[in-house]
Amino acid sequence: MQTTYMMKPIAHIRCDFPDKFGIPRQSGLIDSLKAEIIFEPDYRNPDAFRGLADYSHVWLIWGFSESIRHQWSPTVRPPRLGGNTRIGVFATRSPFRPNPIGLSSVLLERIELHTNQGPILHISGADLMDGTPIFDIKPYLPYVDSHPEASEGFGGPLKNSTLSIECPPELLKQIPEAKRETLIDLLTQDPRPSYQNDPERIYGLRFAQMEIKFRVENKTAYVISICQDI
């Protein structure tokens, strides 16, 4: 029996997140979050995309390229459980896994078949960092892939986890209009680890070539500064 398998990326994602901090905790949480999938030269044959436009959503199978470790642990400490409670790795979506593979369901908005970079998939709702390798793409089938009655363990939505946003008008004007809604949605989702609650701490989120600094007090995120990310 074969014990090792070789995989190589078929594509990479192009999006507004240069860092892991601030990326939504799951795919589909922020519909306004746009991204593109750029394919490697070997996989740019338009025939490979025949019929894909008939689907509204796709699964992305991808690699945790920034979280690769040579050894794995049977337990991890999920941030949403306070960062100290250990739970089995297979009961989590932690990036620190025996094989660093992720799975995301995203909206397929449109396909450009003929560009100077080959076919490009335009998607929304992704939870990936810019440059993340994509290993495969499969259509989402609601009649088998959706289970509304499923139990969700500790991974369900947190109660009262969203934030109100306070951003001075002069700072709001610095955000490109096309990115404004998405940035507000990102902050509303509270990008901080769930165990951090220091009202004096300043957080920096890099998004869409901007660095946004903010602090959180009494369930409100106060935007302090916005500057061009260099």
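Atom CD of E149 has more than 12 heavy atoms from other residues, nucleotides or ligands within 6.0 Å. Around CD of E170, the count of heavy atoms belonging to other residues, nucleotides or ligands within 6.0 Å exceeds 12.
Considering every non-hydrogen atom in both H12 and G131, the closest pair reads CD2-O, 3.1 Å. Heavy-atom minimum distance, P24 versus I30: CG-CD1, 4.0 Å. R192 approaches L163 most closely through the heavy-atom pair NH2-CD2, 4.4 Å. Minimum interatomic distance between A53 and I111 (heavy atoms only, all atoms of both residues): N-CD1, 3.8 Å. In terms of heavy-atom proximity, R215 sits nearest to R201 at CB-O, 3.4 Å. The shortest heavy-atom contact between E217 and Y222 is O-CE1, 3.9 Å.
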* To do: Starting from the C-alpha separation in whole Å, work towards a yes-or-no answer on side chain to side chain contact (heavy atoms under 4.5 Å, CB included) for I134 and L128.
  => CA-CA 10 Å; I134 308 294; L128 284 70; 3.8 Å; yes

* Asked: Do Y203 and F21 pass the side chain to side chain contact (heavy atoms under 4.5 Å, CB included) test, and can you show the C-alpha distance, the side-chain angles, and the key distance before you say yes or no?
  -> CA-CA 10 Å; Y203 297 88; F21 181 72; 4.0 Å; yes

* To do: Kindly determine whether V106 and V58 satisfy side chain to side chain contact (heavy atoms under 4.5 Å, CB included), including the steps that lead there.
  => CA-CA 6 Å; V106 299; V58 294; 3.7 Å; yes

* Using the side chain to side chain contact (heavy atoms under 4.5 Å, CB included) rule, take L108 and H122 through it: C-alpha gap first, then chi angles, then the decisive distance, then the call. => CA-CA 6 Å; L108 177 60; H122 296 263; over 6 Å; no

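Between K179 and D16, at least one side-chain nitrogen of the basic residue sits less than 4.0 Å from a carboxylate oxygen of the acidic one, meeting the salt-bridge criterion. Ionic pairing of K34 and E109 is present here: one or more N-O contacts between side-chain nitrogen and carboxylate oxygen are shorter than 4.0 angstrom. Looking at E36 and R14, a side-chain N of the basic residue comes within less than 4.0 Å of a carboxylate O on the acidic one, giving a salt bridge. Between D136 and K138 there is a salt bridge, since at least one side-chain N of the basic residue sits less than 4.0 Å from a carboxylate O of the acidic one.
For the atom pair CG of L183 and CD of E181, the computed distance is 11.0 Å after rounding to the nearest 0.5 Å. Annotation: the span from R180 atom CZ to S32 atom OG amounts to 13.0 Å, rounded to 0.5 Å. Atom CG in L52 sits 6.0 Å away from atom CG in L121 (nearest 0.5 Å). The CD atom of E166 lies 11.5 Å from the CG atom of L172; values are rounded to the nearest 0.5 Å. Taken to the nearest 0.5 Å, the CZ atom of F96 stands 10.5 Å off from the CZ atom of R77. Atoms CH2 and CD1, from W62 and I37 in turn, are 12.0 Å apart once rounded to the nearest 0.5 Å.
In this structure, the side chains of D19 and F17 stay at 4.5 Å or more apart for every pair of heavy atoms. With contacts defined as side-chain heavy-atom distances shorter than 4.5 Å, the pair I13/D130 does not qualify. Counting heavy atoms from C-beta on, the side chains of R93 and Q26 come closer than 4.5 Å. Residues V216 and P199 form no side-chain contact, since every pair of their non-hydrogen atoms from C-beta on lies 4.5 Å or further apart.
Applying the side-chain contact (heavy atoms from CB on, under 4.5 Å) rule to S73 yields the partners T75, R86; only residues at least two apart in sequence or on another chain are considered. Partners of S164 under the side-chain contact (heavy atoms from CB on, under 4.5 Å) rule, at least two apart in sequence or in another chain, are T220.
A chain of hydrophobic side-chain contacts below 4.5 Å, direct or via other Ile, Leu, Val, Met, Phe, Trp or Tyr residues, connects L33 to M129. Criterion: ILVMFWY side-chain heavy atoms under 4.5 Å apart, direct or through other members. Under it, L187 and I23 are part of a common hydrophobic cluster. By the rule that hydrophobic residues join a cluster once side-chain heavy atoms approach within less than 4.5 Å of another member, M210 and L186 end up as members of one cluster. I226 and I165 fall within the same hydrophobic cluster, defined by Ile, Leu, Val, Met, Phe, Trp and Tyr side-chain heavy atoms under 4.5 Å apart, directly or through other members. Follow the hydrophobic side-chain contacts under 4.5 Å out from F207 and you reach V223 in the same cluster.
A donor-acceptor pair under 3.5 Å links the side-chain atoms of R97 to the main chain of T92, judged by distance alone. Without hydrogens or angle criteria, R206 side chain to I212 main chain gives no donor-acceptor distance under 3.5 Å.
Ring planes of W72 and F90: tilted class, angle from 30 to 60°.
Within the 6.0 Å centre-distance limit, the rings of F39 and F49 are counted as a close aromatic pair.
W59 belongs to a hydrophobic cluster whose other members, connected by ILVMFWY side-chain contacts under 4.5 Å either directly or through intermediates, are M7, I61, I101, L103, F135, Y140.
With 3.5 Å as the limit, one finds no donor-acceptor pair spanning the side chains of Q117 and R44. In this model, a donor atom of one side chain and an acceptor atom of the other lie less than 3.5 Å apart for S104 and D127.
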